[in-house]
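In listed order, ligands and their atoms are each counted from 1.
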Amino acid sequence: MFARPRFKRYTAPAGGWGSLRSLVRHAFRRRVKTARALWALRKQNKADGFTCVSCSWAKPKEPHPFEFCENGAKATFWDLQGGRIDAAFFERHPVAELLGWADYDLERQGRLTEPLRYDGRTDRYVRISWDEAFELIGRTLRELDPKQVVFYASGRASLETSYMYALLARLYGNNNLPDSSNMCHESTSVGLPRSLGVPVGTVHLEDFDSTDCIFSFGQNVGTNSPRMLHPLQEASKRGVPIVTFNPLRERGWERFTNPQSPVEMLGGGGTRISSVYHQPRAGGDPALLQGLCKAVLELDDLARATGATRVIDVDFIAGHTHGFDALERQLRALAWPAIERESGLSVEAIRDAARLYAESASAILVYGMGLTQHRHGVDNVRLLCNLALMRGNVGRPGAGVCPVRGHSNVQGQRTVGISEKPELVPLDRLEAQYGFTAPRDKGLTTVETVEGVLAGEVQGFIGLGGNFLRAAPDTTRLEADWRRLRLTVQIATKLNRSHLVNGEVALLLPCLSRIERDVQAGMEQVVSTEDSTARIHRSKGVQTPPRGDLLAEPAIVAGIARAALPDNPKVPWALWARDYARVRDAIETTYPDQFKDFNARLGTPGGFARPNGARERIWHTDSGKAEFHAVALLSATGFEDRDGRLRLITLRSNDQFNTTVYGYRDRFRGIEGTRRVVMMSPADIRRLGLRDGQEISLIGDADDGVHREVGGLRVTSYALPEGCVAAYYPECNPLVPVAHHAIDSQVPASKTVPVRVGTSVDPHRVPAGPPPA
Ligand SMILES: Nc1nc2c(c(=O)[nH]1)N[C@H]1C(S)=C(S)[C@@H](COP(=O)(O)OP(=O)(O)OC[C@H]3O[C@@H](n4cnc5c(=O)[nH]c(N)nc54)[C@H](O)[C@@H]3O)O[C@H]1N2
Ligand SMILES: Nc1nc2c(c(=O)[nH]1)N[C@H]1C(S)=C(S)[C@@H](COP(=O)(O)OP(=O)(O)OC[C@H]3O[C@@H](n4cnc5c(=O)[nH]c(N)nc54)[C@H](O)[C@@H]3O)O[C@H]1N2
Ligand SMILES: [Mo]
């Protein structure tokens, strides 16, 4: 199914016929049971169906007839794809062979269908019964020091499973509960509480209906949250200015055709999304955000001088915030030439954008990984809050800060206790509820887990979904040391590379997907998830699970818990695994304010909202006010520019969900048939003496004495600011040093990785290109 690599500028809008064609191509793919898959789509994000397993964008109260997007559909089809992985599969393919397969080829073999144990002697996974598996895990966990075991979670599991999983870790004796959020929006979870006193965004879907202005920073809507294009399109049609700041021109922020509207589909052209599109340098957002704030201040000076209405919200600043004077002094001291140099944008461009912002009664500030995944990711988030707070754009209709989260329940996992930060979890209440002494020491983050494995201090790893080895930084070093672990357990739906690099005792446990019907003790179960706007939704699986010996996630967590922990009559693991409503009761007891009447409110159309102080202008910060962040920072990279050094952005294509590669079509960027590319500006190609299409390698330029290199990358000319290059995640993760992460949040700085150009064709052993035809 793969054409030769093809590079062609894409000029069609996001959505539209391209999206429909892609949907059809994926629906009729080999091994997809097309009728079943199409039927499932009708239930996606509906009251009587399941919440999409792709992104976490808000689900409207009154869903569209088809409340899914091209990429949500791909995610559904992917889970429903036939083919199965069982012991017989490994008889044909030893693990050593599978280590040579691309991510795409591993996952597309179909679903994992029976519990397996790795047999190092034959280099194969072999069948094990569930009881034996739990017994083996329990026994090994009891031998290990609880502080040396990590319980990772990859934001998909339901609130019910996640609550049980977090409790399992704490009863076992640690807070080692990193989740994918540690590589993602942790900069949000650290930055927003400091500025606004809430760990989540302050915007609800309705706010898009009344906003006057939308600014977006470092988020790729067309690929990563396509359903968000509907409110953006409606806003654009109302004439709302939408200003985008992104080093790459991302199609979704340019134009969109709603594939569900016949008029638009036949009309062609689509709706313009961004009214202005700026391409700052990667890592230039501190300069850009400070520049915007400085320009707002200039406009306010002018207003004051001429007696016009003030531009900053004087009453709000006086009544609700702290630290404005320090911010003002700091902004006045910043010089425009430095702002221009670091942001890569002209003072005129920044002033024009600031004027649009200042002229709008209410504004929404949207952002994604382009702000969070930097050395100064937390500062980025806080500088964005400065901009919002200067004009009182928090806590009123049509305004607010809108981080667009990743995994479909990543935010919810944090809400119900999956956190390595004990201060964020009501440990006292858990202790009272379950009669135990909870661990109080800080647990390991993702970065600390990697460091712990490299240092030989982590001995056990349990993964509730995800592909930790592929998603984490410094892949090559991590894989080498991973095999020294005593225990690795992976609970998963599909085969991935993390299942092939094994500890001494290694288990691979297959679970149901949220799309599938989950019947326990004769009763059909529902689960719940939280979206990006902190609303809780009910989700009911509709598909028949694959044939085989799979368990639901709660049953797996309960099985491990019962085998590993001493009996505790206060923790009804078996009952919970049979009746998820009882888990929701337990969640309500632990979080009475957040989950009041949980079971009763579960079916609320559009989800029920958790309380959000900042939305009510109640500030849960130390000062009791929203906090301005005064810092003279201009670059988010944390390193100096120097000759030959490039800033590498690692990002997603339109044909992947994180490490799950659906195919080799990055349609919007016009890159097809290969993922082994490095996008580079024509000016850099010339300056470095390269030519378009040439194969090069990227070499890590981190000055820590470690050689990092990914080779066989094809230079692809692309409209990027000079000095910035872009390439795909996860293929380029070996280039991200584990120590290169955001200060305080420890999110790997995957959006500005220091690299230089090398010449090796392929020194790296992880294959990433399409298989030979
Ligand atoms: N289909 C699909 N949907 C997904 C995912 C997926 O892989 N596939 N992943 C899910 C997950 S877990 C997450 S976290 C989200 C991720 O969604 P996004 O937040 O959109 O993440 P990325 O695609 O990694 O990169 C975001 C954008 O940041 C820009 N950027 C890079 N560096 C900078 C910078 O320094 N400044 C600015 N202003 N912009 C920059 C890039 O050009 C890119 O357009 O999507 C979720 N949804
Ligand atoms: N260089 C670089 N690195 C990055 C990023 C980047 O932009 N650049 N992005 C980071 C981000 S934002 C994130 S969120 C992480 C993602 O990191 P992870 O969340 O660890 O990775 P995924 O690729 O989402 O995990 C995919 C696997 O999850 C399993 N799975 C799927 N559905 C289910 C389910 O319902 N239950 C269970 N138990 N398992 C399931 C399947 O086996 C599948 O192979 O990667 C991070 N790494
Ligand atoms: Mo993410």
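- Near Ala282, the atoms of ligand 1 lying under 4.0 angstrom from a non-hydrogen atom of the residue are 34 (C), 35 (O).
- If you number the atoms of ligand 1 from 1 as listed, the ones under 4.0 Å from a heavy atom of Gly283 come out as 34 (C), 35 (O).
- The proximity of Asn220 to ligand 1, defined as any non-hydrogen pair under 4.0 Å, involves the side chain as well as the backbone.
- Short contacts between ligand 1 and Asn71, defined as distances under 4.0 Å to a heavy atom of the residue, involve ligand atoms 1 (N).
- Contact analysis leaves Ser225 out of contact with ligand 1, as no non-hydrogen atom separation drops below 4.0 angstrom.
- Geometrically, ligand 1 and Arg281 share no nitrogen or oxygen pair separated by less than 3.5 Å.
- Ion pair Arg249/Glu254 flagged as a salt bridge, since at least one NZ, NE, NH1 or NH2 atom sits closer than 4.0 Å to an Asp/Glu carboxylate oxygen.
- Relative to the six-membered ring of Phe657, Arg156 meets both conditions, a distance below 6.0 Å and an angle of at most 45° to the axis.
- Annotation: cation-pi pair Arg375/Phe639 absent, no NZ/CZ under 6.0 Å from the ring centroid and within 45° of its normal.
- Close contacts of ligand 1 with Leu248, meaning ligand atoms under 4.0 Å from a residue heavy atom, involve 42 (O).
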Decide yes or no on ring-ring contact (aromatic ring centres under 6.0 Å, His included) for Trp78 and Tyr662, but give the supporting numbers first. CA-CA 8 Å; Trp78 194 248; Tyr662 300 127; 5.3 Å; yes
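- Contact annotation: for His374 versus ligand 1, heavy atoms closer than 4.0 Å belong to the side chain alone.
- Ligand 1 places these atoms under 4.0 Å from at least one heavy atom of Asn246: 27 (C), 29 (C), 41 (C), 42 (O), 43 (C), 44 (O).
- No hydrogens or angles considered: nothing links the side chains of Asn654 and Arg665 as a donor-acceptor pair under 3.5 Å.
- When the salt bridge (Lys or Arg N to Asp or Glu O under 4.0 Å) test is applied to Arg414, the partners found at least two apart in sequence or on another chain are Asp179, Glu186, Glu420.
- Those atoms of ligand 1 that come under 4.0 Å of a heavy atom in Cys55, given as number and element, are 47 (N).
- Each of Glu107, Tyr152, Ser154, Arg156, Ser180, Met183, Cys184, Met369, Gln373, His407, Gly465, Gly466, Asn467, Ala471, Ile491, Ala492, Thr493, Lys494, Asn496, Cys511, Glu553, Thr650, Arg652, Phe657, Asn658, Thr659, Thr660, Tyr729, Asn733, Ser750, Lys751 has a non-hydrogen atom positioned under 4.0 Å from some atom of ligand 2.
- Ring-centre distance between His499 and Tyr118: not below the 6.0 Å cut-off.
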